[in-house]
Each structure stands twice: as structure tokens, then as C-alpha cells.
Protein chains: 2
Amino acid sequence: MNYDQKALELHEKFQWKIETKLKTGINSQEDLSTVYSPWVAAPCLAIAKNTSQVKKYTLAGNTVAVISDGSAVLGLWNIGPEASLPVMEGKCALFKQFAWVNAFPIVLNTQDTEEIISTIKNIAPGLWWINLEDISAPRCFEIENRLKAELDIPVFHDDQHGTAIVCLAGLINALKIVNKQKEDVKVVVNWVGAAGVAITNLLLKYWVKNIVVVDSAGAIYKWRERLNPEKELLSNTTNTACILDPESSECVRWWLIQAVSWADVFLWVSAPWVLTKNMVKSMNKDAIIFAMANPTPEIMPELAYEAGAKIVATGRSDYPNQINNVLVFPWIFKWALESWVNAISDDMKISAAEALASYVKDPTANNIIPGPFENWIAELIAQSIK
Amino acid sequence: MNYDQKALELHEKFQWKIETKLKTGINSQEDLSTVYSPWVAAPCLAIAKNTSQVKKYTLAGNTVAVISDGSAVLGLWNIGPEASLPVMEGKCALFKQFAWVNAFPIVLNTQDTEEIISTIKNIAPGLWWINLEDISAPRCFEIENRLKAELDIPVFHDDQHGTAIVCLAGLINALKIVNKQKEDVKVVVNWVGAAGVAITNLLLKYWVKNIVVVDSAGAIYKWRERLNPEKELLSNTTNTACILDPESSECVRWWLIQAVSWADVFLWVSAPWVLTKNMVKSMNKDAIIFAMANPTPEIMPELAYEAGAKIVATGRSDYPNQINNVLVFPWIFKWALESWVNAISDDMKISAAEALASYVKDPTANNIIPGPFENWIAELIAQSIK
């Protein structure tokens with residue numbers, strides 16, 4: 001039986017991966033009267049007097065909604081809300097398994113930015129935290145920023161920030177192995193999706209200075225026209241020297257293939273199979289490749305190694321070096337819950353990445369990042385970002 | 001310790017009454033790969049091919065959302081979304097306890113009809129059923145009707161239909177005790193909220209012919225002006241003879257006090273304390289009073305009995321004859337889930353009411369309706385409405 005069949009059978013057998021569970025029994029008239037009418041009126045009235053008490057008396061004190069419009073699901077892209085639900089429900093299961101946080105999935109029947117924002121604002125009063133998931137760029141940036149500004153509960157787009165933290169953690173250890181410095185190393189990020197933008201911004205904060213970001217029209221550079229707001233920002237912070245074209249020595253547009261031949265590190269958060277063996281061969285010595293498209297990476301690790309790569313990481317659990325958000329998001333949420341923190345700053349993200357990297361005592365090419373079942377990652381991350 | 005304090009302490013102790021629970025363990029890389037990336041792609045793709053498969057592979061096959069805008073909560077009225085959450089979460093707990101159906105609460109930060117409709121439509125793809133709760137009339141009627149028309153999943157406003165079914169069940173047994181016939185009995189319904197309208201309509205279907213519905217401007221009758229759509233409908237189906245004013249013998253407006261003195265049965269779904277002992281005294285012999293405002297009824301049972309009432313029912317669990325939706329809604333949902341039924345017809349509602357009434361073998365004034373912990377109500381209702 002192959003894994004697709006196995007996954008289908010498991011999903012059908014359980015029909016759902018999570019369910020609800022009572023925290024208190026309802027076995028008598030008195031229980032019923034306390035949990036429901038008439039005495040439930042007491043917490044209702046307490047909250048009516050002071051809205052913030054909703055966190056004290058209800059599941060709004062511990063419940064994350066995992067929300068998606070199904071527009072950028074794994075590497076499957078725009079498969080719509082219903083088809084995205086197994087992923088969102090899986091994410092909710094991971095929240096519970098790894099951080100004992102309650103989460104339920106909400107998939108949206110709209111991909112319109114304004115409608116998504118107003119819908120999420122409308123369902124926010126009963127939630128503790130909103131985890132945005134698998135919403136395509138560039139809408140995800142406006143949606144997250146607007147919700148952060150307009151809601152008084154935390155909003156976190158895990159595809160951006162969770163991915164960026166784990167990616168940085170892996171890179172910290174990879175650079176140790178090849179003995180390159182963050183200030184010198186040449187990084188290409190492909191492409192300008194949710195993760196690509198967040199990774200680039202976090203690397204810049206971490207003082208990685210030489211980054212070229214590539215989209216379908218080639219490298220982003222300062223004088224490129226018709227850039228959307230996120231790319232406009234990146235055009236000012238990356239590729240700042242406007243890297244010269246090797247042939248004309250002028251500041252011209254690089255295509256991916258040229259950027260590749262300049263780079264020490266490639267961070268790929270794009271689509272399956274876009275990286276060829278020849279492209280890997282053209283990279284600098286001791287090339288580091290993070291091929292993070294899910295479920296099929298941009299190049300399979302065995303091909304990348306054949307072409308001379310030194311370190312290869314993917315999003316897959318069936319290869320070494322899995323760059324997996326589950327290493328971070330449950331702990332970030334759990335810690336934020338316990339600390340009543342309402343937003344995750346860039347400094348917290350870098351601290352979390354450094355803590356995660358430090359978990360691996362002696363990094364090797366096949367061991368740059370811990371696995372998800374290491375029990376004390378939680379404590380390590382929590383202590384690092386306090 | 002009084003019950004308010006006890007309810008507050010319980011709600012604070014558990015912080016939330018329900019939580020999420022995993023249905024399958026995640027204890028290995030293989031588990032993680034199956035529940036989440038990469039193999040979760042298999043059910044995603046199966047659903048992308050055929051959207052209806054979402055019920056087969058995800059919690060959308062068994063999950064109810066209990067949705068409120070907090071505008072008509074118990075007898076506390078418009079206390080807003082946060083303050084309504086203990087009730088909604090309690091309802092979700094009842095779903096799980098009594099019918100093993102998963103439910104989670106969503107409280108809305110808007111009381112605008114169009115916004116509520118669009119928000120609920122937007123979050124519908126991951127739900128099996130929508131249970132509307134504690135939304136004030138007349139908005140609740142349009143919201144329910146529009147959602148039923150515009151969504152392909154079931155929508156049920158329990159304040160209307162659950163209440164109507166339990167109320168009819170109680171009335172069936174009460175009429176047996178006083179030996180009055182449904183065709184002759186004179187019923188006053190006060191007032192035209194969600195429950196009042198639904199009860200009236202279900203009684204009419206059940207062939208109770210003499211009903212007068214009263215709102216704050218007196219009885220509804222055919223030529224009354226400026227009626228909203230629901231009252232306009234009721235003006236054609238109730239009070240059809242335009243009951244004469246006792247003094248002028250003309251068709252004039254009755255106030256509540258006049259309607260009361262005409263009636264055998266009063267069904268009150270309004271506000272605390274609106275019924276006086278003198279009003280009860282003016283009623284016909286063997287008066288039946290359902291004083292269903294929650295948590296404080298329109299008249300306390302002891303006062304009604306002192307004034308000569310024969311049978312008194314309330315919404316409270318601390319008096320006999322509790323007219324409580326929990327007797328019906330979990331079973332209706334469970335049955336609909338198992339039968340893949342997408343709507344509950346009036347015939348089904350009447351069958352459910354008759355089944356519920358038949359559960360009480362020898363009805364007495366203090367025993368017209370079963371309690372919520374009777375184990376085989378489920379089976380009885382399921383068999384009756386098949």
C-alpha cells in the first residue's frame with residue numbers, strides 16, 4: 001500500500017482528525033443548570049460588564065482558529081477551501097499534540113481580500129489567536145497587516161513567520177558546517193511568496209547582507225518597474241548593489257539561472273522541480289540548498305547531492321533536515337498564551353531560531369535541525385524569547 | 001454558596017467547557033507525515049476533485065457551528081458576542097454530551113443582517129451544519145431563510161424550531177390532562193420573537209386553530225397596519241375571526257390583558273415577570289401556562305398555581321415541567337447527521353413532538369415532559385421522524 005492510499009484510509013477511518021471533548025461532566029440537573037441555563041447567566045453577565053473576562057470564563061482564553069482560503073495549499077496551490085481542510089485540521093491536531101493548545105479550522109468561501117478581512121474580524125470575539133494559513137501572496141501580507149492593526153487579538157501567518165524562523169535556524173547550522181559567515185554569504189531566495197518575503201526580511205534582520213530575491217520576472221532590483229508593495233520594499237533592502245550582469249557589466253536584470261551561479265545558498269519556497277542539476281552545479285563551492293516546496297521539493301535531495309550540493313534540506317519528513325513549521329509554531333503559541341503576549345517581534349523570531357539551532361550540538365550535513373519529537377524544544381524556545 | 005458564584009467558579013476553574021481532542025495519535029514521523037505534510041495531499045486532492053468528499057475525509061462530516069451575534073441571549077437580551085460565549089460554549093457541550101456531535105461556538109462582532117449572512121456563508125465550507133442561536137427577531141427570520149436558500153448545508157435556528165417542538169410536546173400532554181381538544185382550545189402566544197413565531201406556526205400546522213399572538217402593541221389582526229413580514233403572515237393565519245372586543249363588539253385591538261381573559265393556554269416567550277396573578281385568575285378554567293423566559297420566567301410557578309393555574313411549565317431545570325431545547329436539538333442533529341438529511345420539515349417537527357410527548361406514559365400536572373437525562377429519547381425521536 002502506498003502512502004497516498006494510507007493517508008486516504010486514515011482520513012476516512014477517523015473521518016475527522018480532531019473532535020471536541022467536554023472538560024466537565026453533565027450528568028445531573030445541577031450540572032446542566034450550571035453549564036447552561038439558568039446559571040450560565042452569571043459568567044455571561046460578568047463578561048458583559050468587562051469584555052476581557054471572556055478569556056477567563058470561556059474557551060476564548062485558549063483557542064486558536066486556523067483560517068485559510070485554500071489559495072496556496074502546500075505545493076498544491078489554489079485548491080479551494082474544502083480541499084484545504086485536511087491540512088487545516090491537521091494543523092489543529094499538531095497544535096494539540098505538540099503544545100496542548102485548542103485549535104479549530106475555518107476555511108473561507110472567498111478569496112477577496114476585503115471579504116476575508118471583514119469575515120475574520122466578524123468571528124474574532126470568541127478567539128484567543130488567529131493563525132492564518134496557506135493564503136497566497138501578495139494578499140496574505142495585506143490581510144495579516146490589516147488584521148493586526150484592526151483587531152486586538154494576535155494574528156500570525158505561520159507560512160510567513162513560522163517558516164522563516166525554522167529556515168533561519170537551519171541556515172545558522174548549515175553556515176557553521178561550511179564555515180561561511182552570515183555577513184558574506186550570498187543568498188538567493190526564490191520566490192516572492194508568503195514564505196519568501198518573510199524569510200528575506202528575517203535574514204536581513206539577522207544581518208545576512210547579500211540577498212537576491214527572484215520572481216518569475218527575474219531578480220528584484222531597485223529600478224524595476226511595476227512592483228507590488230512587498231516587492232517594492234524588497235527592491236530597497238535586497239540586491240542593493242544592483243548586482244552586475246556578468247557579461248555586460250551593467251545593472252541589468254538577472255534571471256534565475258544567473259542568480260544561481262552567483263550564490264552560496266538557495267532558499268526555495270516555490271514549486272516542484274524548478275531546480276535542475278546543472279543549476280546546482282553552477283553554484284559556489286559547498287552549496288546549501290533548502291528546497292522547501294511541499295509536498296514535492298524543487299529538487300529531490302539525491303539529485304542535488306549528485307550535482308555537488310553540500311547540504312540539502314526539504315519540507316519532507318522522509319528525508320533528513322526537515323524544515324518544518326511544527327518545530328516552532330506550537331511553542332510560539334504556547335509561550336505567547338502563557339505569557340499573555342499579543343505579538344511576536346522580529347527579535348523573538350531570531351531568538352527562537354537561534355535556540356532551535358543550538359539544540360543540535362554538533363551539526364552535520366544530515367543533521368542541521370532537530371526533529372519534531374524532541375521533547376524539550378518547547379522549553380528551549382520559551383526560555384530564549386522571554 | 002449561591003448558584004451564581006458556583007457557576008462563576010466552575011467557568012473559571014475549567015476556563016473553557018469544551019476543548020479539542022485528537023482522534024488519532026501523532027507519535028512518529030510516519031504519523032506526522034500522514035496527518036500532515038506530505039501525505040495529507042492525498043485527501044486534499046480527492047476533495048479538490050469532488051468537493052462533497054470533504055464530509056468523508058474531514059471534520060466537516062460531523063461538526064456543527066453554534067453561531068450567535070449575542071443580540072437575544074437567554075432573558076439577558078442584547079449582551080453582545082463576548083458575553084454570549086458561555087451560552088454558546090455550553091450549547092456545544094450539550095451537543096457532545098447528549099448526541100456525540102462535535103460543535104464549536106462562533107460569536108459574531110456584527111448585528112447587521114447582511115454582514116451576518118455574508119460572514120456565515122464565508123465560513124460554511126468546513127461545516128456540516130449551522131445552528132443559529134440567540135439572534136433577535138425579526139432579523140433571525142431573514143438570516144435563517146436567506147442562509148437556507150443560499151447555502152447547501154443545513155441551517156437550523158434552535159430558538160425557533162427546537163423551542164417549538166418541545167413546547168408542542170408539552171402542550172400535547174397538558175391538553176390530555178385538562179381534557180381539551182386542539183381544535184377548540186384558545187391559545188395566546190406572547191410575543192412575536194423567534195420562538196413565538198415558530199411556536200405559532202407549528203401549532204397551526206398541528207391544527208390548533210384558535211391562536212391570538214400578542215406583541216407590545218397588542219394582538220396581531222388582519223387590518224393592523226405597519227406589520228413586519230412575519231407579523232403580516234401571522235395576521236393572515238392567526239386571530240382570523242378578528243376576535244371582537246368584549247365591550248364594543250367591534251373588531252378592535254386587544255391588549256394582552258384582554259387576550260389573557262379569553263384564553264385556555266398561554267405560551268409566554270417574552271420577559272421576566274410580565275404575567276400577574278390577576279391575569280392568571282382571569283383565564284378560563286384549567287389554565288395552562290408555559291412561562292418560558294430564561295433564566296427568569298414571566299411568572300414564578302408558585303404564584304401561577306396560587307392564582308388557580310392547572311399546569312405550569314418553565315424553562316428552568318429547578319422546577320417540574322422544564323421546556324428545554326436540549327430534549328430535542330441534539331437528537332434532531334444526530335439523526336439528521338446519520339440520515340444525511342439536509343433540512344427538518346414541519347412534519348418531522350410534529351413527529352418529534354408527538355414522540356417526545358408519548359415518552360410520558362401517564363402525564364400529570366407536574367410531569368408533562370421527560371427530563372433531559374432519559375436515555376432513549378434519542379431513539380424515540382429518531383424512529384418517529386424517519
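Predicted model, so just to flag it, every value in this text is computed and none were measured.
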Is it the side chain or the backbone of [X] that comes within 4.5 Å of chain A heavy atoms, both, or neither?
{"X": "B:Phe98", "answer": "side chain"}
{"X": "B:Leu76", "answer": "side chain"}
{"X": "B:Ala103", "answer": "backbone"}
{"X": "B:Ser52", "answer": "neither"}
{"X": "B:Ala46", "answer": "side chain"}
{"X": "B:Leu10", "answer": "side chain"}
{"X": "B:Ile123", "answer": "both"}

Name the option with the most non-hydrogen atom pairs under 4.5 Å to chain A; the candidates are [options].
{"options": "B:Pro86, B:Ala65, B:Ala7", "answer": "B:Pro86"}
{"options": "B:Met88, B:Lys55, B:Lys121, B:Lys91", "answer": "B:Lys91"}
{"options": "B:Glu115, B:Gln53, B:Lys49", "answer": "B:Glu115"}

Exercise for review: Report the C-alpha distance between B:Ser118 and A:Thr119 in whole Å, list the side-chain angles of each, state the deciding distance to 0.1 Å, and finish with yes or no for side-chain contact (heavy atoms from CB on, under 4.5 Å).
Suggested key: CA-CA 8 Å; B:Ser118 71; A:Thr119 299; 5.7 Å; no
I'd like to check [X] versus [Y] (side-chain heavy atoms, cut-off strictly below 4.5 Å). Are they in contact?
{"X": "B:Thr63", "Y": "A:Thr20", "value": "no"}
{"X": "A:Lys6", "Y": "B:Trp39", "value": "no"}
{"X": "B:Asn324", "Y": "A:Leu32", "value": "yes"}
{"X": "A:Lys56", "Y": "B:Glu12", "value": "yes"}
{"X": "A:Cys44", "Y": "B:Ile79", "value": "yes"}
{"X": "B:Arg316", "Y": "A:Ser37", "value": "no"}

Sort out for me which of [options] touches chain B most, counting heavy-atom pairs under 4.5 Å.
{"options": "A:Val326, A:Leu94, A:Asp318", "value": "A:Leu94"}
{"options": "A:Ala42, A:Ala48, A:Pro43", "value": "A:Pro43"}
{"options": "A:Gly315, A:Pro105, A:Ala93", "value": "A:Ala93"}

Please answer whether the main-chain N or O of [Y] pairs with a side-chain N or O of [X] as donor and acceptor at a distance below 3.5 Å.
{"X": "A:Glu89", "Y": "B:Leu59", "answer": "yes"}
{"X": "B:Asn109", "Y": "A:Pro125", "answer": "no"}
{"X": "B:Glu19", "Y": "A:Lys21", "answer": "no"}
{"X": "A:Glu82", "Y": "B:Val54", "answer": "no"}

Point to revise | A:Ser28 portion near chain B, given a 4.5 angstrom heavy-atom threshold | key: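 For A:Ser28, the contact with chain B is made by the backbone alone.
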**Study point:** Contacting region of A:Ile106 [heavy-atom separation from chain B under 4.5 Å]
**Key:**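 Side chain only.
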[X] versus [Y], closest heavy-atom pair with distance:
{"X": "B:Gly90", "Y": "A:Tyr36", "result": "C-CD1, 3.9 Å"}
{"X": "A:Val40", "Y": "B:His11", "result": "CG2-NE2, 3.9 Å"}
{"X": "B:Gly126", "Y": "A:Leu85", "result": "CA-CD2, 3.6 Å"}
{"X": "B:Gln97", "Y": "A:Asn27", "result": "NE2-OD1, 3.4 Å"}
{"X": "B:Lys96", "Y": "A:Leu22", "result": "CB-CD2, 4.1 Å"}

Review point. Looking at CD of B:Gln111 and CG of A:Asn122, how far apart are the two atoms once the value is rounded to the nearest 0.5 Å?
Key: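 The CD atom of B:Gln111 sits 11.0 Å away from the CG atom of A:Asn122.
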Point to revise | Euclidean distance, B:Glu30 CD relative to A:Tyr3 OH, rounded to 0.5 Å | key: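 The OH atom of A:Tyr3 sits 4.5 Å away from the CD atom of B:Glu30.
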